[in-house]
Amino acid sequence: MQTEHATIALADGRAAEVLTYGPADGLPLVTHHGTPGGGLVSYQPTIDTEMARGCEPSSSARPGYGQSAPHPGRRVADVAADVAEILDALDVETFITWGRSGGGPHALACAALLPGRCLAAASIAGVAPGTPTAWTGWPAWDRKTWRSSAPPNAGRPS
């Protein structure tokens with residue numbers, strides 16, 4: 001298995017930390033880590049299964065995680081532009097995606113905002129905005145991300 005670690009410069013000056021796994025001729029698969037998980041921590045059995053099914057898995061650390069620069073005021077939907085830039089840098093046109101837990105909404109944002117480019121998406125045990133008490137114990141920076149992405153009538157974390 002070929003693994004490549006890179007830092008990709010985004011158009012707004014931020015850096016995105018990216019990890020890709022071979023083979024280079026596989027179907028590009030973008031994975032989105034959970035919250036508050038670290039973006040580039042991989043689970044080898046999952047990687048092996050994805051590659052056995054012909055995929056070329058990749059993941060990036062969301063803004064503020066790992067070596068990816070923070071993006072103040074970021075909304076979940078902003079992930080689509082970041083993913084598009086990362087894929088452009090990797091010379092990838094179309095892809096499939098999945099996210100687990102807090103990464104689920106990020107995968108769905110890619111599907112909604114990159115039509116034609118994102119061929120399929122899955123949210124595995126994905127989270128949704130909840131009541132204000134649902135956010136007790138979450139780090140302040142994470143609460144702010146979800147507050148900004150919640151629909152107007154949803155409970156919002158403080």
| Thr3 vs Leu19, side-chain contact (heavy atoms from CB on, under 4.5 Å): CA-CA, chis, key distance, verdict | CA-CA 7 Å; Thr3 303; Leu19 193 59; 3.6 Å; yes
| task | Evaluate side-chain contact (heavy atoms from CB on, under 4.5 Å) for Ile86 paired with Val30, printing each intermediate quantity in order. | result | CA-CA 10 Å; Ile86 291 166; Val30 175; over 6 Å; no
| note | Rounded to the nearest 0.5 angstrom, the OH-SG distance for Tyr21 and Cys55 is 14.0 Å
| field | Pairing residues for Gln67 by the side chain to side chain donor-acceptor pair (under 3.5 Å) criterion, not counting sequence neighbours | value | none
| task | With sequence neighbours left out, write down each residue that passes side chain to side chain contact (heavy atoms under 4.5 Å, CB included) with Ser68, or none if nothing qualifies. | result | Ala16, Glu17, Ala61
| field | Qualifying side-chain hydrogen bond (donor to acceptor under 3.5 Å, both in side chains) pairs with a residue from residues 78-89, counting only residues at least two apart or across chains | value | Arg14-Asp82, Asp88-Arg117
| said: For a side-chain contact (heavy atoms from CB on, under 4.5 Å) check, start with the C-alpha distance between Thr97 and Leu108, then their side-chain angles and the critical distance, and finish with the verdict. | reply: CA-CA 8 Å; Thr97 187; Leu108 298 176; over 6 Å; no
| task | Might you point out which heavy atoms bring Gly99 and Ala107 nearest each other, and give the distance in Å? | result | N-CB, 3.6 Å
| request: Kindly work out whether a path of hydrophobic side-chain contacts (I/L/V/M/F/W/Y, heavy atoms less than 4.5 Å apart) joins Leu90 to Met51. | output: no
| Student check: side-chain heavy atoms of Phe95 and Cys110 closer than 4.5 Å | yes
| request: Return yes if some donor-acceptor pair links the side-chain N/O of Ser59 with the main-chain N/O of Thr31 below 3.5 Å, else return no. | output: no
| query | Under a 4.5 Å side-chain heavy-atom rule over Ile, Leu, Val, Met, Phe, Trp and Tyr, are Leu10 and Val92 clustered together? | reply | yes
| note | Nearest heavy-atom approach of Ser123 to Gly126 is OG-CA, 3.3 Å
| task | Work out which heavy atom in Ala109 is nearest to a heavy atom in Val79; give both atom names and the distance. | result | CB-CG1, 3.9 Å
| task | Locate the shortest heavy-atom distance separating Thr94 from Pro28; write the atom from each residue and the value. | result | O-CG, 3.5 Å
| message | Under a plain distance cut-off of 3.5 Å, with no hydrogens placed, do Thr35 and Arg62 share a side-chain donor-acceptor pair? | response | yes
| Should the pair His32 and His106 be assigned to parallel (<30°), tilted (30 to 60°) or perpendicular (>60°) ring geometry? | parallel
| request: Could you pull out all residues at least two apart from Thr7 that satisfy side chain to side chain contact (heavy atoms under 4.5 Å, CB included)? | output: Ala15
| query | Under a single-linkage rule joining Ile, Leu, Val, Met, Phe, Trp and Tyr whose side-chain heavy atoms are separated by less than 4.5 Å, which residues share a cluster with Trp98? | reply | Leu27, Leu29, Ile96, Leu119, Ile124
| task | Kindly state each residue pair satisfying salt bridge (charged side-chain N to carboxylate O under 4.0 Å, His left out) with at least one member in residues 90-99, sequence neighbours excluded. | result | none
| query | Can you list the steps and then say if Tyr65 with His33 is a side-chain contact (heavy atoms from CB on, under 4.5 Å)? | reply | CA-CA 10 Å; Tyr65 288 82; His33 63 84; 3.6 Å; yes
